[in-house]
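Comments concern the structure below.
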Amino acid sequence: MRRWLMVVACAALLLTGCTSDEPEVEPSPVPTPSIASLEPDALSEFYEQTADWSECGQFECATIDAPLSYEDPDGRTINLSMLKRVATNEDDKIGTLFINPGGPGVSGVEYARLADVLFTKPVLDNYDIVGWDPRGVGESTSINCLTDEETDTFLAADGTPDTSAEVVRLARLNAKFTRGCVTDDAELIPHLGTFSSARDMDLLRSSVGEQKLNYFGASYG
């Protein structure tokens, strides 16, 4: 996490002060969300969904729809993918515990696969453990900014540049990463923030029939 923070911080500072042959990337304007602007029934079709669970190995999987923009629920929709580890003691089950490993950008589906080593027996006995891939990630509607080879190069870059050449290289790598994201799905990018993810969580809660959200978040989660 510290390394990633340094990469982001360096990029933010360096891209404004370094010259490069790479074209500049203009950020897309991010809309300011307003819950108050939504009519009470605007999201009813999303809240009426029921998760349709199917077996996927030793777990159960389901996918629900969410609006790309909560300001425009009649527009484009995206998919949210969930994985459930069923409570061991189903007869005395308390409810569903949603879990999020943070990142941001880490797969909650893969996090839930590790439930047996992450949580104590009383939790596993009495709660269905559900992880989901946040919008933009993994099995949900995702965004891919680089090829596998380019990703390896990006992650291997020196996040603490010591020379002007390393500074320029880091700036170029970050610019390339940003361009790749824009090229893959420019419309999705403005809707990957915490506001949208939090609203998604409430849809997920509703889809499993819970009146209140039971939640465990790690790090950014």
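Since the model is a prediction, treat every value here as computed from it, not as a measurement. Any value given below was found using the heavy atoms of this structure, including those in side chains, with hydrogens, waters and symmetry copies removed. Numbering starts at 1 and runs along the sequence shown.
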With sequence neighbours left out, which residue pairs that include part of residues 46-58 fulfil the salt bridge (charged side-chain N to carboxylate O under 4.0 Å, His left out) condition?
-> none

Does Leu80 share a hydrophobic cluster with Phe195, counting links as ILVMFWY side-chain heavy atoms below 4.5 Å and allowing steps through other members?
-> yes

Passes side-chain contact (heavy atoms from CB on, under 4.5 Å), Phe46 versus Ile64? Steps please.
-> CA-CA 8 Å; Phe46 296 102; Ile64 67 166; over 6 Å; no

Can you find a pair of side-chain heavy atoms, one from Asp158 and one from Leu170, that are under 4.5 Å apart?
-> no

With the side chain counted from C-beta on, respond yes when Arg85 and Leu118 share a heavy-atom pair under 4.5 Å apart, and no when they do not.
-> no

Is any side-chain heavy atom of Phe98 less than 4.5 Å from a side-chain heavy atom of Met82?
-> yes

Contacts of Phe119 meeting ring pair (Phe, Tyr, Trp, His ring centres under 6.0 Å) (sequence neighbours excluded), chain-then-number -> Phe216

Side chains of Ile189 and Cys181 in contact at under 4.5 Å (non-hydrogen atoms) | yes

When you look at Asn174 and Phe154, which way does the side-chain contact (heavy atoms from CB on, under 4.5 Å) test go after all the steps?
-> CA-CA 8 Å; Asn174 278 277; Phe154 182 78; 3.9 Å; yes

Cluster check Val86, Leu83: I/L/V/M/F/W/Y, side chain < 4.5 angstrom = no

Side-chain heavy atoms of Arg135 within contact of Ser140, under 4.5 Å = no

Output a table of donor-acceptor pairs, distance under 3.5 Å, between side-chain atoms of residues 107-115 and any protein atom two or more places apart or on a different chain; print 'none' if there are none.
residue, atom, partner, partner atom, Å
Ser107, OG, Val109, N, 3.3
Ser107, OG, Glu110, N, 3.1
Ser107, OG, Asp133, OD1, 2.5
Glu110, OE1, Arg113, NE, 3.4
Glu110, OE2, Arg113, NE, 3.2

Greater than 12 external heavy atoms within 6.0 Å of Asp162's CG | yes

Would Tyr47 and Asp202 count as having a side-chain donor-acceptor pair, cut-off 3.5 Å?
-> yes

So do the side chains of Val123 and Leu97 get within less than 4.5 Å of each other, counting heavy atoms only?
-> yes

Check: Met201 and Trp132 side chains under 4.5 Å, non-hydrogen atoms | yes

With side-chain contact (heavy atoms from CB on, under 4.5 Å) as the test, would you mind laying out the steps for His191 and Thr141 before giving the verdict?
-> CA-CA 12 Å; His191 304 287; Thr141 298; over 6 Å; no

